[in-house]
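Remarks on the structure that follows.
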Number of protein chains: 2
Amino acid sequence: MTRRSTLGARNRGIPEATVARLPVYLRALHTLAERGVVTVSSEELAAAAGVNSAKLRKDLSHLGSYGTRGVGYEVQYLVYQISRELGLTQDWSVAIVGLGNLGRALAGYGGFASRGFRMSALLDADPAIVGDRINGLTVEHIDKLEQVITDCGISIAVLAVPASAAQAVCDRVVASGVTSILNFAPVVLTVPDGVDVRKVDLSIELQILAFHEQRKAGGPGGVEQEYLEAVDGS
Amino acid sequence: MTRRSTLGARNRGIPEATVARLPVYLRALHTLAERGVVTVSSEELAAAAGVNSAKLRKDLSHLGSYGTRGVGYEVQYLVYQISRELGLTQDWSVAIVGLGNLGRALAGYGGFASRGFRMSALLDADPAIVGDRINGLTVEHIDKLEQVITDCGISIAVLAVPASAAQAVCDRVVASGVTSILNFAPVVLTVPDGVDVRKVDLSIELQILAFHEQRKAGGPGGVEQEYLEAVDGS
DNA sequence: AAGCCTTTGTGAACGCACGCACAAAGTCGG
DNA sequence: CCGACTTTGTGCGTGCGTTCACAAAGGCTT
């Protein structure tokens, strides 16, 4: 049941690039707040967030007009406005599926709880892992996936399962009502319309670094002949 | 009449957006190769990688003209060309600094070794962790950072340390000769020109999902009054 | 050998995002 | 109360990235 809200004064069409930066601003603002800073200019906040100040102002202007000319932005107020826009003023129940090394790291990551994300369910298929207690939660068997997700009203799932199992698990969580997925498995997931998937691929990041690293060292090493050697040697 | 310029067939200015997708294509190609597929069309490969086929072709055209019209691309050959462009035909020594939950997960991640990345050094400041053996490597004390990085010829470092320590560790690895950094700490790192930093922030991804999730549910919950309640309650 | 069919590689149009630069708007000192 | 100063919010030009659509190019069949 998708209820379309009326087009109010606030522009609901926030650019994706802006959305991706709001969490960065939010973190910078929290750091400033801890230091007791009350107001901050776009210049200062932009420096703290590592972006251009004009970009910061334009990003914030998409949320509304929350600054004071000649002064800047009130830190606490801006924190609240960004949090609300991102949906962090409400609690989100999150399930983690797959509790290998990575899943455990995610389950114990403090950065989630402090931002309105509550780990509500941990699920795994391995009998050796089921029953473990991690961060005060017991790992359930994946057979209970549908039940747990429904009971806890979970709409966000984190997948830290092997690549071979990812699509199957994805299908199951979607069928259970999950509409947002954070995928750590190195596969392209197929999902129905209306379901969001974000992918984090650790090895891709390293490969991008390697590309630039190679450039600094003077471009791709050899030319054509290397390929023949490479396939020959196998 | 699009005669290639004197710059040679290969264009060295590959767009950043393309570079970011090459690893995705590479993974799809590996999957196809395992299945014994010999040639693949841009349409098929694009579907496997989850992108538009025109985009795929344009991306590949930046590397050179490696397809055959009417047939497609030879899988093995394309794997080699992309690997070479990304710099994966050589081995890269990588150091991981910080071996908490996340660092351990990264050290044990199989996706690295299979792509030319060799974990050469594990470093941590915690005496309780130093000396542990992870994946056949012993965790060294961070005091040896400079020595280890120099000796192993490490140019890529992965930072999985607490936010409070990140900048200091960053400065040290850079001073030791590292020119590429993969940062998992939730801070904006400052580095000299010529050093590349890529940031992976787990909580940011969840926040972006929350934003879209909230939209599906019907836009930001309340308006002005909520803020007053929120600050009042502190 | 010739024509048909498939698929690549790319010119061109479009849309988004970035950053400059400035007017509008508000503060603060006198 | 006024004028100078500071900082926001944004119009606009520019450049990058995406997508469409098609001519060129190669294989395959007859």
Side-chain angles (χ1 to χ4, degrees), chain A residues 9-25 28-29 32 37-75 77-78 81-82 85 208 211-212, chain B residues 1-5 7-25 28-29 32 37-75 77-78 81-82 85 208 211:
Chain A
R10 213 173 285 121
N11 180 10
R12 295 295 176 194
I14 299 181
E16 197 60 29
T18 295
V19 174
R21 281 188 294 267
L22 289 180
V24 180
Y25 303 154
L29 285 166
L32 290 170
V37 176
V38 177
T39 59
V40 66
S41 72
S42 64
E43 204 70 48
E44 293 165 329
L45 183 53
V51 301
N52 180 295
S53 70
K55 178 152 59 176
L56 170 73
R57 288 197 298 276
K58 188 159 286 186
D59 282 343
L60 294 182
S61 76
H62 286 118
L63 314 189
S65 196
Y66 297 137
T68 307
R69 294 171 192 237
V71 177
Y73 302 90
E74 194 197 336
V75 174
Y77 187 56
L78 200 50
Q81 291 298 344
I82 294 179
E85 198 65 42
I208 296 172
F211 171 81
H212 293 293
Chain B
M1 191 74 65
T2 53
R3 191 68 191 160
R4 289 268 167 63
S5 71
L7 238 118
R10 212 167 292 122
N11 178 8
R12 293 295 175 191
I14 299 181
E16 194 60 31
T18 296
V19 173
R21 280 187 297 266
L22 289 180
V24 181
Y25 304 153
L29 286 167
L32 291 169
V37 176
V38 177
T39 58
V40 65
S41 71
S42 64
E43 204 71 46
E44 294 165 330
L45 183 54
V51 303
N52 181 295
S53 70
K55 179 151 59 179
L56 171 74
R57 288 197 298 276
K58 186 153 284 189
D59 282 344
L60 294 182
S61 77
H62 285 119
L63 315 189
S65 195
Y66 297 137
T68 307
R69 291 167 192 241
V71 178
Y73 301 89
E74 194 197 335
V75 174
Y77 188 55
L78 200 51
Q81 291 299 344
I82 295 179
E85 198 65 43
I208 296 173
F211 171 81

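Every chain is numbered from 1 and lettered A, B, ... according to where its sequence line falls, protein lines coming before strand lines.
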Q | Nucleotide C/dA17, atom C1' - distance to CZ of A/Arg21 in whole Å | A | 8 Å

Q. Is any side-chain heavy atom of A/Phe211 less than 4.5 Å from a side-chain heavy atom of B/Leu22?
A. no

Q.
Checking side chain to side chain contact (heavy atoms under 4.5 Å, CB included) between A/Glu85 and each of A/Val19, A/Thr18, A/Ile14, which is the one that passes?
A. A/Ile14

Q | Whole angstrom value for the distance that separates P of C/dA17 from CG of A/Leu56 | A | 16 Å

Q: Let me know the distance between OH of A/Tyr66 and P of C/dG26, rounded to the nearest Å.
A: 16 Å

Q.
With a 4.5 Å cut-off on side-chain heavy atoms, are B/Ile82 and B/Leu60 touching?
A. yes

Q | Side chain proximity check, A/Thr39 to A/Val75, heavy atoms < 4.5 angstrom | A | no

Q: Go through DNA chain D in 5' to 3' direction and return only the first and the last nucleotide with some atom under 4.0 Å of chain B's heavy atoms.
A: D/dG17 to D/dG27

Q: Would you mind reading off the distance between A/Leu60 atom CG and C/dC18 atom P, rounded to a whole angstrom?
A: 13 Å

Q | Residue whose closest nucleotide on DNA chain C lies nearer the 5' end, A/Thr68 versus A/Arg57 | A | A/Arg57

Q) Starting at the 5' end of DNA chain C, which residue's closest nucleotide do you reach first, A/Val71 or A/Lys55? A) A/Lys55

(Q) Quick check against the 3.5 Å criterion: does A/Thr68 have a side-chain atom that pairs as donor or acceptor with the backbone of A/Val71? (A) no

Q: Measure the distance from NZ on B/Lys58 to P on C/dC14 and round it to the nearest whole Å.
A: 15 Å

Q.
Expressed as a whole number of angstroms, how long is the span from A/Asp59:CG to C/dA17:P?
A. 10 Å

(Q) Distance check needed: C/dC22 C1' versus A/Arg69 CZ, whole Å only. (A) 11 Å

Q: Would you kindly give the CD1-to-P distance between A/Ile14 and C/dA17, to the nearest whole Å?
A: 12 Å

Q. Under 4.0 Å between a side-chain N/O of A/Asn52 and OP1 or OP2 of C/dA17, yes or no?
A. no

Q. Quick one: are the ring centres of B/Tyr73 and B/Tyr66 less than 6.0 Å apart?
A. no

Q. Base, sugar-phosphate alone, or nothing: which one does B/Thr18 contact when heavy atoms must sit under 4.0 Å apart?
A. nothing

Q) What pair of heavy atoms forms the shortest contact from B/Ile208 to A/Glu16, and how long is it? A) CG2-OE2, 4.0 Å

